[in-house]
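Numbers for residues simply follow the sequence, beginning at 1. We count ligands from 1, going down the list as the structure has it; atoms in each ligand are counted the same way.
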Amino acid sequence: MNYQQFYKKSVDNPQEFWGEEARRIHWHAPYTRVLDDSNTPFNKWFVGGQTNLCYNAVDRWVESQGDSPALIAVSTETAADGLPVEKIYSFRELQAEVERAAAMMQALGVVRGDRVLVYMPMIAEATFAMLACARIGAVHSVVFGGFAANSLATRIDDAKPKLIVSADAGSRAGRPVPYKPLLDEAIRLATHKPEHVLLVNRQLVPMQLTPGRDVDYGTLREQHINARVPVTWLESNDISYILYTSGTTGKPKGVQRDVGGYAVALASSMQHVYCGKPGETFFATSDIGWVVGHSYIVYGPLIAGMATIMYEGLPIRPDAGIWWNLVEKYRVTRMFSAPTAIRVLRKQPPEFMRQYDLSSLQALYLAGEPLDETTSAWIAGELGVPVIDNYWQTETGWPILSVAKGIEDTPTRLGSPGLPMPGFKVKIVNELNGQACGANEKGVVAIEAPLPPGCMQTVFGDDKRFVDTYWSNFSNEQLYSTFDWGIRDSDGYYFILGRTDDVINVAGHRLGTREIEESISSHPNVSEVAVVGVEDKLKGQVAVAFVIPKDAAAMETTESRRLMEMEVMGVVDRQLGAVARPSRVHLVSLLPKTRSGKLLRRAVQAICEGRDAGDLTTIEDPASLAQIREAVAKG
Ligand code: ATP
Ligand code: MG
């Protein structure tokens with residue numbers, strides 16, 4: 001079968017196609033229907049089937065390859081002498097740790113359907129916690145360990161976890177980043193209170209346990225050292241997890257996923273896109289706090305019977321050879337990273353990677369942001385393997401666009417993430433009327449219902465928001481909007497041209513400009529603010545803020561301006577974390593707006609990047625743009 005036939009079958013006959021793909025996983029009880037699309041967009045996959053993500057990722061492999069590596073946890077953060085600390089768990093050992101964690105959760109009152117919030121650094125216990133939830137039917141919600149107390153508090157209030165699993169500290173560039181004080185502050189801010197907090201003590205920083213609420217992971221683990229916790233069989237459409245997007249609107253969207261459809265989508269993509277085989281090693285350099293971490297650090301590789309590397313540390317510490325050292329050592333066959341990380345590596349002397357034997361590596365996958373041709377060509381030249389751009393979203397859980405090397409050796413095209421993956425009926429449509437665009441005509445990237453298995457079920461606790469946000473952008477209610485611009489060339493290759501809403505990407509961290517604006521607005525002397533993402537060679541983008549102070553005295557002297565700028569940065573630091581901190585804060589007395597009051601964000605961004613500001617016919621007061629130009633020119 002070639003790609004065309006494969007893809008055509010997936011969209012013409014989804015019942016048959018996904019029925020066949022579903023055989024890649026273990027079903028405890030068979031489903032009665034492959035797809036129930038009677039209540040679009042709330043589609044159900046593998047209705048009535050019973051399965052379990054943890055069983056498919058772990059138990060299933062214990063018999064056939066129990067002693068082969070499953071989880072390879074590497075940290076370059078906690079080593080005293082700069083050498084990485086490495087711990088390998090076989091499938092059998094992983095199973096034992098997961099059962100212990102599951103028993104611990106049960107002892108803390110967690111039952112099927114309860115939410116467990118995981119706020120953890122990249123350590124093995126984070127994976128144990130996720131898999132333990134999956135095992136007992138609890139719903140995990142992993143929150144990226146870099147988020148500050150405010151962001152964490154909103155997620156606690158939305159997910160309402162019974163239990164939070166965390167640690168004393170993360171670590172960055174060898175320096176501990178305390179988590180516990182942040183977590184305590186988040187719980188204090190949140191309306192919802194978890195019953196318990198389970199804490200891994202890495203002994204990086206001292207921590208104070210709150211009696212009655214906080215429990216030490218190591219101590220409780222000892223009490224459950226021989227625990228056997230049977231798998232809870234779940235209906236395919238039960239909830240497996242919630243994962244928040246970066247939240248352009250200020251209130252993050254809780255992407256909710258199912259069990260069976262997700263397992264099948266991952267098993268299928270591991271075969272057709274990532275070509276992983278049992279016994280091989282997969283290395284995704286992402287973080288468990290992001291969707292790539294869920295799909296291709298934890299669940300995907302394990303479901304495919306592969307070993308997976310979980311890496312805590314920077315790509316350039318102790319030196320820029322560290323990732324390639326791991327590729328050599330563990331004979332990694334497939335690697336998954338982000339363009340921003342590759343740009344960082346490109347700045348380093350290539351000798352660091354050239355000293356390792358990379359002959360095991362067969363392909364590098366990059367996702368999360370546009371892959372520029374320079375970066376792509378450079379790394380392809382260094383590695384001598386195909387570099388495959390993947391386009392997808394937290395919402396879809398796995399690639400929308402890629403090339404399916406497992407089906408056919410389709411050539412890639414520089415600047416393009418490729419072709420639709422099975423089941424994704426991708427369309428480029430006019431943003432206003434939803435009509436299909438012609439070849440090479442720019443429009444919004446949309447996907448026609450039904451979305452394939454593995455995609456989000458709904459927004460957690462808010463079906464209306466799911467429909468309003470994703471399915472109400474065109475008169476055709478069968479069209480899902482990705483909120484990205486794109487074109488399709490005459491050969492069917494897609495190109496992504498940026499987003500229709502405003503999110504910035506700082507060194508791989510996605511931040512909503514609205515979220516940063518909201519944070520800045522909380523400063524008592526800020527009357528209005530606009531934040532835009534500005535291109536940055538190293539970080540991809542940085543935030544730049546334009547602030548109208550309430551009190552004009554803040555503008556009078558250089559000293560008072562400087563003070564105000566520092567204060568604004570400090571507010572963002574405290575509320576959202578240092579990644580969100582604007583690289584510049586400009587004080588102005590006017591912001592460019594349309595007559596209907598909408599901020600001309602794109603124009604501000606264009607000026608910051610030295611481009612033409614575009615169509616300004618609707619501007620309320622042209623003097624506002626002059627101010628932006630002046631502020632930017634001053635630097
Ligand atoms: P939010 O929905 O809260 O704004 P987000 O969209 O930033 O968050 P993700 O779901 O992680 O969070 O990112 C998906 C988006 O990243 C895509 O919609 C697209 O804009 C961008 N993206 C991902 N992969 C690629 C790629 N290969 N090329 C271009 N853009 C990409
Ligand atoms: Mg998005």
Notebook entry, point to check: Between S240 and Y299, do the side chains contain an N or O donor and an N or O acceptor separated by less than 3.5 Å?
Noted result: no

Check: Is it the case that D258 and Y241 place a side-chain donor and acceptor less than 3.5 Å from each other?
Finding: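 Side-chain D/A pair, D258 to Y241: absent.
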
Check: Does NZ or CZ of R413 fall inside the cone over Y493's six-membered ring, less than 6.0 Å from its centre and within 45° of the axis?
Finding: yes

Check: In a check of side-chain contact (heavy atoms from CB on, under 4.5 Å) between I239 and each of Q457, R115, H140, R257, which one passes?
Finding: Q457

Under 4.0 Å from a heavy atom of [X]: give me the atoms of ligand 1 that qualify, with their elements.
X: N390; value: 24 (N), 25 (C), 26 (C), 27 (N)
X: D389; value: 26 (C), 27 (N)
X: W392; value: 14 (C), 17 (C), 23 (C), 24 (N)
X: I496; value: 29 (C), 30 (N)

Next item on the list: Identify the heavy atoms of S481 and N473 that sit nearest to each other, and give their distance.
Entry: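 Where S481 meets N473 most closely, the heavy atoms are CB-ND2, 3.5 Å.
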
Item checked: T396, T482, L243, D484: member with heavy atom nearest to atom 17 (C) of ligand 1 ->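 Comparing heavy atoms across T396, T482, L243, D484, the nearest one to atom 17 (C) of ligand 1 lies in D484.
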
